[in-house]
2 protein chains.
Amino acid sequence: MTQTLPDPAHNHKLCISQALTTAEQLCGARGVQLTPIRHQVLELIWASHKAVKAYELLDLLKPLQHAAKPVTVYRALDFLIEQGLIHRVESLNAFVGCRCSDKQHEQLLLICKHCQEVEERYAPEVMSALSEEINKAGFTVHSKAIEIQGVCTACRHLPLPQSNGQTT
Amino acid sequence: MTQTLPDPAHNHKLCISQALTTAEQLCGARGVQLTPIRHQVLELIWASHKAVKAYELLDLLKPLQHAAKPVTVYRALDFLIEQGLIHRVESLNAFVGCRCSDKQHEQLLLICKHCQEVEERYAPEVMSALSEEINKAGFTVHSKAIEIQGVCTACRHLPLPQSNGQTT
DNA sequence: AGGCAATTGTTATAATATAACATGCTTACT
DNA sequence: AGTAAGCATGTTATATTATAACAATTGCCT
Ligand SMILES: [Zn+2]
Ligand SMILES: [Zn+2]
Ligand SMILES: [Zn+2]
Ligand SMILES: [Zn+2]
């Protein structure tokens with residue numbers, strides 16, 4: 001039930017095939033169309049566990065869809081987000097595959113500044129504390145985004161890529 | 001110690017003067033310059049508890065600083081963020097005054113889709129659960145952003161502003 | 001005076017995202 | 001068949017958000 005880390009040595013082809021199969025099944029069950037463009041964009045996002053930018057996706061999509069324009073990608077992204085198949089990473093203006101499309105979306109994202117990989121964690125304790133706090137405030141939730149920037153275990157001992165070394 | 005809601009009837013001039021005084025003191029103590037431009041941008045952000053966009057700030061700043069350009073605003077924003085005097089609201093590409101510049105930055109933001117006001121809450125239970133989860137993941141934190149989108153108490157009984165399904 | 005750091009000015013452009021309208025394609029009903 | 005409606009996509013243009021690169025200014029230290 002607990003999410004596993006995207007171990008560098010894991011079988012990522014399995015991640016991809018699982019994600020695509022789940023997406024096809026969910027869309028079928030919901031009566032929405034996972035069209036070729038949408039399927040391709042989802043597959044491109046799942047090429048890795050890194051967050052991907054819309055215009056990077058556009059460049060990758062162009063060879064497959066000659067007519068692809070920015071709006072082509074954004075429409076596919078909108079669809080995939082609506083269907084819960086990907087997450088938008090607000091703090092990066094980027095997108096990442098969702099590992100729990102068929103379960104709850106808890107959206108606790110650990111974002112590595114070094115390798116750009118994003119780990120989505122199922123964190124019921126955090127979420128219940130959060131829900132309680134939100135209730136205390138009398139606030140009605142539409143969506144939650146919890147994004148933690150930092151360095152993952154795999155990159156812990158590596159120097160940061162050249163940035164201004166700011167930390168909070 | 002608990003944050004208070006930005007009650008619609010509160011004395012907002014007091015919010016502003018407290019924020020500016022705190023900012024001046026902190027910058028003085030840290031030996032950094034709260035220059036006129038930076039001070040003005042901070043004051044413009046504190047005009048309300050709503051999240052403000054950079055180009056809105058630019059329009060507001062221009063009458064005060066004839067030479068103001070986008071980069072003028074972004075530089076001031078960068079400074080204010082570094083000093084912890086404002087928060088960037090990632091999910092809106094906007095900015096809001098920080099109510100706890102001199103204390104811990106816990107950055108749990110409740111963002112009302114109706115009135116755009118942002119409430120910053122001090123939520124130690126959430127934060128400790130979150131820290132524990134992050135430790136479990138072996139992740140090294142640089143910064144956290146917890147952004148909840150929804151509807152605040154004040155707006156609870158009002159219809160949402162025209163989002164899409166406007167049929168009247 | 002000369003040098004350095006910090007701030008601001010200036011011009012240009014990059015990066016991200018959406019508006020508006022046209023076209024095609026399937027489905028469902030007449 | 002005709003045709004209206006819904007949806008996906010194509011096409012063109014533009015809006016919005018953010019940064020790069022370099023010059024000028026200011027205040028301070030030696
Ligand atoms: Zn994988
Ligand atoms: Zn990493
Ligand atoms: Zn106030
Ligand atoms: Zn509200």
Side-chain angles (χ1 to χ4, degrees), chain A residues 23-24 27-28 30-42 44-45 51-83 85-96 116 162-164 166, chain B residues 23 27-28 30-42 44-45 51-83 85-96 116 145 162-167:
Chain A
E24 288 155 11
C27 290
R30 292 170 184 169
V32 297
Q33 302 176 50
L34 188 62
T35 61
I37 289 178
R38 291 164 177 178
H39 194 282
Q40 286 164 348
V41 170
L42 182 58
L44 290 170
I45 288 174
V52 197
K53 301 256 175 185
Y55 279 72
E56 291 173 15
L57 288 170
L58 177 57
D59 290 339
L60 296 167
L61 184 62
K62 273 177 177 163
L64 310 175
Q65 293 287 342
H66 179 66
K69 299 277 184 311
V71 75
T72 313
V73 172
Y74 282 106
R75 282 169 176 162
L77 292 171
D78 286 346
F79 171 86
L80 296 171
I81 290 169
E82 273 175 27
Q83 298 302 320
L85 301 173
I86 63 172
H87 292 301
R88 179 181 162 81
V89 184
E90 300 289 354
S91 53
L92 296 178
N93 296 330
F95 306 86
V96 72
Q116 286 80 55
Q162 93 287 15
S163 68
N164 53 11
Q166 288 294 13
Chain B
C27 290
R30 291 171 184 169
V32 297
Q33 303 176 50
L34 189 61
T35 62
I37 289 178
R38 291 165 176 177
H39 194 281
Q40 286 164 347
V41 170
L42 183 59
L44 290 170
I45 288 173
V52 198
K53 301 257 176 183
Y55 279 72
E56 290 173 15
L57 287 170
L58 177 56
D59 290 340
L60 296 167
L61 184 62
K62 273 177 177 163
L64 310 175
Q65 292 287 341
H66 179 65
K69 298 278 183 312
V71 75
T72 314
V73 171
Y74 281 105
R75 283 168 177 164
L77 292 170
D78 286 346
F79 172 86
L80 296 170
I81 290 169
E82 274 175 25
Q83 297 303 319
L85 301 172
I86 63 172
H87 292 300
R88 179 181 162 83
V89 184
E90 300 288 355
S91 53
L92 296 178
N93 296 330
F95 306 86
V96 71
Q116 286 80 56
Q162 78 289 10
S163 48
N164 53 19
Q166 193 77 343
T167 46

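By convention in this document, chain letters (A, B, ...) are assigned in the order of the sequence lines, proteins followed by strands, and residues within each chain are numbered from 1. In what follows, every heavy atom counts, from backbone to side chain, and hydrogens, waters and symmetry copies are set aside.
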_Nearest-angstrom distance from the residue atom CG of B:L64 to P of C:dG9_ = 13 Å
*Which whole-number value in Å describes the distance from A:L58 CG to D:dG10 C1'?*
14 Å
*Gap between atoms CD and P, on A:Q33 and C:dG24 respectively (whole Å)*: 18 Å
*Excluding sequence neighbours, so at least two apart, what forms side-chain hydrogen bond (donor to acceptor under 3.5 Å, both in side chains) with A:E56?*
none
*To the nearest angstrom, how far is A:L57 atom CG from C:dA17 atom P?*
11 Å
*For A:H66 and D:dT9, give me the distance from atom NE2 to atom C1', rounded to whole Å.*
15 Å
_Residues forming a side chain to side chain contact (heavy atoms under 4.5 Å, CB included) with A:L60, sequence neighbours excluded_ = A:L44
*Using a cut-off of 4.0 Å between protein heavy atoms and nucleotide atoms, how would you tag nucleotides 11-30 of chain D 5' to 3' with B, S and -?*
BB----BBB-B---------
*Applying side-chain hydrogen bond (donor to acceptor under 3.5 Å, both in side chains), name anything that partners A:Q65, two or more places apart in sequence or on another chain.*
A:Q40
*Quick one: B:Q65 CD to C:dT10 C1', roughly how many Å, whole number?*
15 Å
*asked:* Let me confirm one number: the CD1-CZ distance from A:I86 to A:R38, rounded to the nearest 0.5 Å.
replied: 11.5 Å
Side chains of residues 67-75 of chain B: which donor-acceptor pairs under 3.5 Å do they make with residues two or more places apart or in other chains?
residue : atom : partner : partner atom : Å
B:T72   : OG1  : B:K69   : N            : 2.8
B:T72   : OG1  : B:K69   : O            : 3.1

*What is the distance from NE2 of A:H39 to P of D:dT9, rounded to the nearest Å?*
13 Å
*When the distance from CD of A:Q40 to P of D:dT9 is rounded to whole Å, what number comes out?*
10 Å
*Could you pull out all residues at least two apart from B:R88 that satisfy salt bridge (charged side-chain N to carboxylate O under 4.0 Å, His left out)?*
B:E90
